[in-house]
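Below: the structure, in structure tokens.
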Amino acid sequence: MIAKVVVDVAVDKEFDYLIPDSLAAQVKLGSRVNLSFGSRTTQGYVVGFIHSSGHPKLKAIESVVGEKPYIDENLLKLARWMGDYYCAPVELAVQAVLPGAVRHQKAKFKEQLFVEATGLDSEKKIILNRSTQSSLGEYGFSAVGGDENPPSRSLRASVQNSLTPRQAAVMSALSQYPGGMFLHELIKQSGADSATVRVLEKKGLVRIGKQAALRDPFANQTILRTEPLSLMPEQAAALEMVKAAIEQASRQAAVGSGQAADSSVILLHGVTGSGKTEVYLQAIDYAFKQGMCAIVLVPEIALTPQTIERFRGRFGDTIAVLHSHLSEGERHDEWHRIHGGQARIVVGARSAVFAPVQNLGLIVVDEEHEHTYKQEEAPRYNARDVAVMRGHLAGCAVVLGSATPALESFRNAKMGKYRLVEMLHRVDHRAMPHMRIVDMRVEAERTGRVSVFSRDLVDAVRKRLDKAEQVILFLNRRGFASSLVCPKCGFVAKCNDCSVAQTYHRQDETLKCHICGSSQRVPDRCPGCQDPAFKFTGIGTQRVEIAVAKIFPGARIARMDADATRGKDSHRRILGEFKTGKIDILVGTQMIAKGLDFPNVTLIGVLNADLSLHMPDFRAGERTFQLLTQVAGRAGRGEIPGEVIVQTFTPFHQAIQAARRLDYDGFCDQENAFRQELGYPPFGHLVCIGIRGGDQTKVIRAAEEFSRMLSPLLPPQVVVNGPAPAPLEKAKGQFRHQIILKAPTTRAITGALRPAIRDFRWPAGVNVAVDVDAVSLM
Ligand code: ADP
Ligand code: ZN
């Protein structure tokens, strides 16, 4: 037998390797294997089998890593689909389904000494606090204080007499954990030392061995268990629909067809505060009780402690969490806990869509419209769309949830590809927040200058503070001011490597580039004309924080943005303080726009709605509508109705007006009319070819030559725009040009594009990136 292998170090190709007889039983589809490639030793994945190969002299696979294949058949299919659909090299697509921490095998299980009382062999082994065994209750909640079971009680009685007090303390502590416990835990709990435990080992009362200690990202956190809530009618209807889809999936799995119809994808359009999460929780519970597993994707930015607590509170330790703040070791352990079947519910950001769960019953994609689901490096996949594909391959239900579904998803629902479920009311019929638009042009005329706060907003904040209610002020830009501008000569401080203005950060008196992160000290005089009178225009979160402190001297203020949350736990700490009422006003970037649920927040101020509106991108309107709706959704989650004040210089823009009216359908209709006319998504697909390099002339020449070669190969329905400079013309020292292709289907584009990219002779120092269904055209 011969294996087709994707090799880690090779480019976009599969290679044939002989399977030696000695390994015949071990080499499976998805196995990780050691092999030699060229003159070096490396690893690869088995992606298929064939009986004969055209190659006369084949090398043999040297050995197999691990017992169970790392990638199962469906994941392998998914990876191949991904490589194909997103025009990515196959080995990158295969690698994307495994976290680096597992691939590199640098992180290993941490082994620690583990102590068990002897004579309890019939007991199942339980890894302290991290088990799914039924003895810890349905979802692996560990028993708390006083919960003793019969074997431990009898054990205690029989040994107690012949022991010293310290030895007895050890046995007593151990009796709380019939499955045994780690030595260091035992020492902590009993107050004895390891010598005492060793004596007990000699006496034959305990056994000491080694066991993998799973690094617990939740160590030292106690989570209160929550019970399912009784559902509102709209929630109940949505849940029924999801349950039916799960059932359909499990029936299909039983038949073994594995080919679910697309209708097992449900688009859950639920306004903010309609209780989508509770629907997810109960749907997961349902799948879980049928013996199935579930994956929940949330945007990285919404993977807040608050979100994780909601899932842990319901499902305890059967949950694995995958996100970017885990250490390599934690990620390695979480992945193996899923792969080994100990964790059956996975909550994570984008890449959790590849979690190695078996018997998948349900995938939830929360905030499915979020652009962070798109990976911005190869393979440039969108986790939402990959989830739909994985659901299709695994024959499971997929729920896409959002208060503002992407136009693409909404159209799929309207066309009958997805089923649409709507929840148009808030839980307990709480009022939707009332949104007021403040025209900053009028404000500027009245005061003769452009100010950060309108009088309306200041009055509204004051009223809320007087009533001891909380306020969120939202601004989509961190830093102090947008840029340094000289009023004399017009000089603007720009980054040398990126074509953007630098942002002033007052804390450390620097100018920072938000693209490449470089920073420099603020100059004493204008670098253009040497005048010392240059000034800063625009506003950032830092300046807002200072301005707020001036206007409301008594208020307790905190800021939450990428700068303020750099410390490991600061995110959690700030939210905790806000939740417990230690902060009156929270100033923040989009970091605070998602998923937060604070009942005492009654006012949200959006300081400049125009920031996202004037991005050079056809989705700017959609993004602004989504952002305003999400931000507004943070208000009025408690008993008191919420109020939202939006400051803008373009008050009549349809995205802003539709957000004010809470009119999703109206927004879609208008936006779709414009998209359809231009053949933009959701009425067509876009592929963006980015051509980059340090030498501008070379980049332009390559872009033009490639475009000339590609155009005649494309079918007539493909529209070619460019090559042209990207809106962000230079980033990190690289000049950026792009060609944008538009067609009714991606296939029409990629069919010809993929070989063209491969065959074109790209000059040294020029890189090409293909972005299928691009969400950012910057
Ligand atoms: P969404 O995700 O749709 O914005 P959430 O799931 O955050 O809404 O729910 C909003 C609030 O309502 C949460 O505090 C949640 O605990 C509560 N909630 C959800 N469903 C119910 C219910 N059936 N009964 C009572 N409270 C509920
Ligand atoms: Zn830069």
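Read the numbers this way: they start at 1 and go in the same order the structure lists the ligands and their atoms.
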Can you name the salt bridge (charged side-chain N to carboxylate O under 4.0 Å, His left out) partners of Lys579, sequence neighbours left out? none
So do the side chains of Arg675 and Arg619 get within less than 4.5 Å of each other, counting heavy atoms only? yes
Closer than 4.0 Å to some heavy atom of Val271 - which atoms of ligand 1 meet that? 3 (O)
N/O of Asp428 under 3.5 Å from N/O of ligand 1, yes or no? no
Nearest heavy atom to atom 16 (O) of ligand 1: which of Met232, Gln630, Glu278, Arg310 does it belong to? Arg310
Distance-only, no hydrogens or angles: does the Ser409 side chain make a donor-acceptor pair with backbone N or O of Pro405 under 3.5 Å? no
Hey, is Asp366 one of the residues with a heavy atom under 4.0 angstrom from ligand 1? no
Sub-4.0 Å heavy-atom contact, Ser230 with ligand 1: yes
Can you tell me how the ring of Phe410 sits relative to the ring of His269, calling it parallel under 30°, perpendicular over 60° and tilted otherwise? perpendicular
I need the atoms of ligand 1 closer than 4.0 Å to a non-hydrogen atom of Thr272, numbered in the order shown. 4 (O)
With a cut-off of 4.0 Å, which atoms of ligand 1 are near a heavy atom of Thr277? 2 (O), 6 (O)
Nitrogen or oxygen of Leu229 less than 3.5 angstrom from that of ligand 1: no
Can you check whether Gln235 has an N/O within less than 3.5 Å of an N/O in ligand 1? yes
I'd like to know if Arg426 contacts ligand 1, where contact means a heavy-atom distance under 4.0 Å to any ligand atom. no
Using atom types as modelled, flag every donor-acceptor pair under 3.5 Å from a side chain in residues 464-471 to any protein atom, sequence neighbours excluded.
{"from": "Arg464", "atom 1": "NH1", "to": "Glu469", "atom 2": "OE1", "distance (Å)": "2.9"}
{"from": "Arg464", "atom 1": "NH2", "to": "Glu643", "atom 2": "OE1", "distance (Å)": "3.1"}
{"from": "Glu469", "atom 1": "OE1", "to": "Thr602", "atom 2": "OG1", "distance (Å)": "2.7"}
{"from": "Gln470", "atom 1": "NE2", "to": "Phe578", "atom 2": "O", "distance (Å)": "2.7"}
{"from": "Gln470", "atom 1": "NE2", "to": "Ile583", "atom 2": "O", "distance (Å)": "2.9"}

Salt bridge Arg331-Glu334, side-chain N to carboxylate O under 4.0 Å: no
Is Arg344 close enough and on-axis enough to Phe288, meaning under 6.0 Å and within 45°, for cation-pi? yes
Would you mind telling me which of Gln630, His369, Glu368 makes a side-chain hydrogen bond (donor to acceptor under 3.5 Å, both in side chains) with Ser402? His369
Under 3.5 Å: N/O of Gly270 near N/O of ligand 1: no
